[in-house]
Amino acid sequence: MSAGTPKSLASSGQKPIQEICHPLGAEDTASVLTPSPDVGNTITSIGGKDLSLPNGTPVETSSPASSSSLLNRLQLDDDLDGETRDLFVTVEDPKKHVSTMETYITYMVATKTTRVEFDLPEYSVRRRYQDFDWLRTKLEDTQPTHLIPPLPEKFVMKGVVDRFSEEFVETRRKALDKFLKRVADHPVLSFNEHFNAFLSAKDLNKRQGLALLSKMGESVKYVTGGYKLRGRPVEFSAMGDYLDMFTQKLGTIDRIAQRIIKEQSEYQVELREYGPVYTTWALSEAELQGPLEGVASCMANCSSALDELTQDMSEDFLPVLREYVLYIESMKIVLKKRDNIQAEYEAKLEAAAFRKEDRASCTQVPTDVEKCHDRVECCNADLKSDWDRWQNNKRQDFRQLLTGMADHNIQYYEKCLAAWESVIPLLRDKQPQETETEED
Amino acid sequence: MMADSGPEEIAVIGNTDLTSAELENNIKNTMVEIEKWTSLLRKMEISVGEAEKRTGKNTVNMQEIYTVYLIETRPVDAVTEGIIPAPDSLWRRYSEFELLRNYLLVTYPFVVVAPLPEKRAEIVWHKLSADNMDPDFVERRRVGLENFLLRLACHPVLCNDKIFYIFLTEEKGWKEMVYETGFQAKADSRLKAMNAAFRVKNPDKRFTELKHYSDELQTVVSQLLRVRARVADRLYGVYKVHGNYGRVFSEWSAIEKEMGDGLQSAGHHMDAYAASVDDILEEEEHYADQLKEYLFYTEALRAVCRKHELTQFELEMAAQDLASKKQQKEELVTGTVRTFSLKGMTSKLFGQETAEQREAKLQVLEQQIEEGEEAVKEKNTESDEFVKTAWIDIEHFKDQKDRDLKEALISYAIMQISRCKKGIQVWTNAKECFNKM
C-alpha cells in the first residue's frame with residue numbers, strides 16, 4: 001500500500017508537479033496576482049516560486065492535496081479516449097452476511113491496475129455499503145475542492161423497501177459500481193490514499209467515529225463558513241443557476257417516468273383480462289377456434305413484453321435519474337465551499353488592507369492572505385476542471401440513459417410486432433371448403 | 001279455441017303470424033317479379049352517403065334535432081355504359097331504418113335479419129364521445145347503416161321484398177305503405193309471443209343448440225367489447241403521458257449547449273408519439289363496430305329460435321287437441337269414460353243422453369277431428385317449412401359470421417402491426433436524436 005502523493009503516472013506520460021524542475025529555485029519573487037478565468041495562463045507563486053514546465057509553459061500549482069489543473073485538463077482527454085486508463089474497478093457479486101448482531105450485504109470490489117502506487121496488479125476485496133460511505137467521507141475531507149461522486153441513498157425505510165430483495169441489491173450494486181468508476185476515472189481522486197486503501201486493504205481501518213458521521217455532517221462545516229461573499233465570478237453563478245434548473249428538469253423527468261410506469265401497469269391489468277376473453281370465446285366456436293386462440297396467445301406475449309419494459313424502466317432508468325440529483329447536490333455543496341473560500345480570502349484581504357492603511361509602510365502582502373488567495377485560485381481551477389469533466393460525463397450518461405430508454409421501447413414494440421405477425425398466417429389459414437363462392 | 005290443455009299460457013294462440021299458406025302466397029307474389037327485382041338489386045349500387053341535421057316536431061309536438069342519412073342508388077348498368085348518371089337519392093332517418101327492420105322481422109320470421117348499428121353510443125372508451133350528435137359517432141353510424149342495407153340487398157330472400165325496394169327508391173309515402181301492409185298487428189302479437197312463457201316438448205335439437213350458442217356469443221362479445229374499451233382507455237393514457245417528455249425536453253434543451261439540439265428533436269418525436277394514439281384508437285373503433293354487429297346479430301338468432309319454438313309449440317298443441325278429440329269420440333262410441341270431463345260427469349249424474357243426442361255429438365266430434373287433422377297437417381307443414389327455410393338461412397349466417405369475424409380479426413391484427421411499426425419508428429427516431437446529444 002502506498003502513501004502520500006503520486007510519484008509518477010505510469011502510462012500517461014505526464015509528470016507530476018514535484019518532478020518538474022523549478023528553474024527559478026527557491027527565490028523570493030514578488031508576483032502579480034491576477035484573477036484567472038483561463039486556467040493555463042496564470043502565473044502564481046507559492047512561497048515566491050515561479051513554476052513552469054520544461055518547455056516554459058507556466059504551471060499553476062495548488063495545495064499539496066491535489067495536482068495541477070493543467071494536468072487535469074491534459075488528462076481529461078486521455079481518460080475520455082480510454083486508451084491510457086490504467087485502473088479498472090468493478091463492483092460485483094453481492095452476498096448476504098448473517099451475523100449475530102446484524103445482517104448485511106457485501107459486494108466484491110475487483111481492481112486491475114498497472115499503477116505503481118499499488119503493490120499488486122489485481123485485488124479482490126469484500127466491502128459493504130458502510131465502507132463506501134467511509135470512503136466518500138474521506139474523499140470529501142481530503143479533497144475538499146473537488147466534486148466527489150454521489151453514493152446511492154444510505155437509508156431505506158424498513159418495511160417499505162426490502163433491503164435484501166434482488167432488485168434493490170442489484171440497483172445498489174450498479175450505483176456503487178458507478179461511484180467507484182467515477183472515482184477511478186478522476187485524475188486526482190483516483191490517486192487518493194484512502195481510495196487505494198479501499199481497493200486493496202484486507203481490513204479497512206476505519207475510524208468508527210468518522211464513519212458514523214453522515215455525509216451531510218462534514219459538508220455542513222464547509223457550507224456555513226461564516227464569511228460573506230462579495231462578488232462571485234460570473235461563471236460560478238452560471239454554474240449554480242444551471243444546476244438549479246437542471247435539478248428541476250430532472251425532477252420533472254422523474255415524475256413523468258414514474259407516471260408512465262404507472263399508466264403502463266394499469267394498461268397491463270386490463271390487457272391481462274383481455275386475452276383470456278378470446279380464449280373463452282374460442283370454446284364456443286368451431287371454425288374460429290384456432291384464430292381466436294391465436295389472438296389470445298398473442299395478447300399474452302404482448303403482456304409479458306410490457307412487463308419487461310416496465311421492469312427495465314424501473315431498474316435502469318429511475319435509479320440513474322435519482323443518482324444525478326444526488327450528484328447535483330454534491331456539486332452545489334462544492335460550489336458553496338468555493339464561495340466560502342473566496343469569502344474568507346476577501347475578508348482577510350480587506351482586513352489586511354485596513355491594517356496596511358494604518359501602518360502605511362508595509363508593501364508586502366501578508367503570507368496569510370496570499371495563502372488564502374492561492375486556495376481560491378486552486379479551488380476555482382479544480383472546480384472548473386471538475387465541472388467540465390462532470391458536464392462531459394453528464395452528457396455521456398444521459399445519452400446512454402435516453403438511448404437505453406429508446407432501446408427498451410423499441411425492443412418492446414419489436415416483440416409485440418413479432419407476436420402479431422405470427423398470428424396472421426394462423427388467421428388466414430383454414431379457409432372453409434369453398435364449393436361455390438358466390439359473394440366476395 | 002282449446003279446451004283445458006294444461007297450465008301453459010295459451011295467449012299465443014290466435015296470433016296472426018303468417019301461416020304457411022300466406023307465406024306461400026307471398027313467395028308466389030314476389031316470384032313473379034323476382035326476375036325484375038333480383039336482377040335490379042343485384043346490379044344496384046347502394047350507398048349511404050352523407051348525414052345531415054334536421055329540426056322538426058316530434059310526436060309530442062316538441063322541437064327536436066335529428067340526423068338524416070342520404071341513401072343513393074344507381075343501377076350498375078348505367079356506369080358500365082360509360083355514362084355515369086347522378087344517383088337517385090333520398091333522405092331517411094334512423095327511425096325509418098328501424099321501421100324497415102321491424103317489418104322484415106315480422107314478414108320473414110325464418111330469416112336472421114341483419115341488425116342495425118347502435119341507436120346510442122354504448123360501450124365506448126371514455127375519450128370517445130357518447131354523444132349522438134358527435135360527428136365521429138354519426139360517421140360510424142352512417143357506415144353501419146350502409147352495411148345494413150348491403151346485407152339486406154345481398155340476402156337471397158330479403159332483397160326481393162317490395163317494401164325494401166321502395167325504402168331505397170321512394171322517399172314520400174313509404175311509411176304509410178308499410179303500415180298499410182298491416183304488419184303492425186303482426187308485430188304486436190309477435191312481441192307477445194316472444195315474451196310469453198311456454199314449454200316445447202320436442203324442439204329441434206339444432207335450434208336448442210343455436211339458442212345456447214347465441215346466448216354464449218352475446219355474453220362473451222359483450223365482455224370483450226367492455227374490456228377492449230378499458231384497454232383503449234389505458235393505452236390512451238400511456239401514449240399521452242409521453243407528450244410530457246416533449247415539453248420537458250424542450251425546456252431542458254434551452255439550458256444545454258451541445259445537448260440542446262438532440263434533446264429538442266427528440267422532444268418533437270415524443271410529441272408525435274403522443275398525438276398518434278388518437279388515430280390509432282379511432283381506427284380500432286371499426287373493429288369494435290364489427291364485433292357489435294355480431295353482438296346484435298345474436299338477438300336475431302334468438303328470434304328465429306323462438307319462432308321455431310312457437311311453431312313447434314302450436315304443432316304440439318294442435319296434435320294434443322286432435323288426440324283429445326279422438327279420445328272423446330272413442331269414449332262416446334264405446335260408452336266408456338276414461339278421461340274426466342264435466343260433460344261426462346253431468347251426463348252420469350243427470351242421466352244418459354238420447355241416441356240422437358249422442359249421434360249429434362258424434363258428428364260434431366268427427367267434424368272437429370277432421371278439422372283437427374287438417375290443422376295438424378297444416379302446422380306440420382308449417383313447422384317443417386319453417387325449419388327448412390330457417391336452417392338454410394342459419395347455415396348461410398354461420399358461414400357469413402365465420403368469414404366476417406375472421407376478416408375482422410385479421411384487420412385487427414394488421415392494425416396492431418401498424419401500431420407496433422409506428423412505435424418502432426418513433427423510438428428509433430428519438431434514439432437517433434439522443435445519440436446526437
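So you know, we letter chains A, B, ... as the sequences are listed, proteins then strands, and number each from 1. Note that the structure is a prediction, hence the values are computed from the model and not measured.
Distance check, rounded to the nearest 0.5 Å: CG of B:Leu263 to CG of A:Leu402 gives 7.0 Å. Taking CD1 of A:Ile410 as the start and CD of B:Gln425 as the end, the distance is 9.5 Å to the nearest 0.5 Å. Rounding to the nearest 0.5 Å gives a distance of 10.0 Å between OH of A:Tyr413 and CD of B:Gln416. Here the CD1 atom belonging to B:Ile417 is positioned 5.0 Å from the CD atom belonging to A:Glu421, to the nearest 0.5 angstrom. Note that NZ of A:Lys415 and SG of B:Cys420 are 12.0 Å apart. Values are rounded to the nearest 0.5 Å. Of the inter-residue distances, the one linking A:Ser265 atom OG with B:Arg234 atom CZ reads 10.5 Å to the nearest 0.5 angstrom.
A donor atom on one side chain and an acceptor atom on the other are found under 3.5 Å apart for A:Glu285 and B:Tyr213.
Between the B:Arg230 side chain and the A:Glu270 main chain, no donor and acceptor come within less than 3.5 Å of each other.
The environment of B:Asp261 atom CG is sparse: at most 12 non-hydrogen atoms of other residues, nucleotides or ligands sit within 6.0 angstrom. At most 12 non-hydrogen atoms from other residues, nucleotides or ligands lie less than 6.0 angstrom from CD of A:Gln400.
In this structure, the portions of B:Arg419 lying under 4.5 Å from any heavy atom of chain A include both its backbone and its side chain. With a 4.5 Å cut-off on non-hydrogen atoms, B:Val221 touches chain A through its side chain but not through its backbone. Residue B:Tyr245 touches chain A through both its backbone and its side chain, counting heavy-atom pairs closer than 4.5 Å. Both the backbone and the side chain of A:Ala257 come within contact range of chain B, judged by heavy atoms closer than 4.5 Å.
No other option in B:Thr428, B:Val238, B:Leu224 has as many heavy-atom pairs under 4.5 Å with chain A as B:Leu224. Of the listed residues (A:Val295, A:Val423, A:Ile424), the one with the most heavy-atom contacts under 4.5 Å to chain B is A:Ile424. Among B:Lys421, B:Glu216, B:Glu258, the residue with the largest count of heavy-atom pairs under 4.5 Å with chain A is B:Glu258. For the set A:Met405, A:Gln411, A:Lys262, the entry with the most heavy-atom pairs within less than 4.5 Å of chain B is A:Met405.
Note on A:Glu287 versus B:Lys406: salt bridge recorded, some NZ/NE/NH1/NH2 to OD/OE distance being below 4.0 Å. The pair A:Lys394-B:Glu256 meets the salt-bridge criterion, since a charged nitrogen lies less than 4.0 angstrom from a carboxylate oxygen.
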Problem set entry | Stepwise side chain to side chain contact (heavy atoms under 4.5 Å, CB included) check, B:Tyr412 with A:Trp420 | CA-CA 10 Å; B:Tyr412 185 63; A:Trp420 282 106; 3.9 Å; yes
For this session: Just do the side chain to side chain contact (heavy atoms under 4.5 Å, CB included) check on B:Leu409 and A:Tyr278 with the steps written out, would you?
Result: CA-CA 11 Å; B:Leu409 289 174; A:Tyr278 283 97; 4.1 Å; yes
For this session: Begin from the C-alpha positions of A:Trp281 and B:Leu217 and carry the test side chain to side chain contact (heavy atoms under 4.5 Å, CB included) through to its verdict.
Result: CA-CA 7 Å; A:Trp281 186 0; B:Leu217 189 66; 3.2 Å; yes
For this session: Test side chain to side chain contact (heavy atoms under 4.5 Å, CB included) on B:Lys401 and A:Leu288 and set out the steps.
Result: CA-CA 9 Å; B:Lys401 175 208 76 174; A:Leu288 290 175; 4.3 Å; yes
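Nearest heavy-atom pair across A:Ala406 and B:Lys431 is CB-CB, 3.7 Å. Smallest separation of non-hydrogen atoms from A:Phe398 and B:Met259: CB-CE, 4.2 Å. Taking both residues in full, the closest heavy atoms of A:Glu263 and B:Gly237 are given as OE1-CA, 3.7 Å, listed atom of the first, atom of the second, then distance. The two residues B:Ile255 and A:Tyr242 come nearest to each other via the heavy atoms O-CE1, 3.3 Å.
Along residues 245-256 of chain A, the residues that come nearer than 4.5 angstrom to chain B, judged on non-hydrogen atoms, are A:Met245, A:Phe246, A:Lys249, A:Thr252, A:Ile253, A:Ile256 in order of number.
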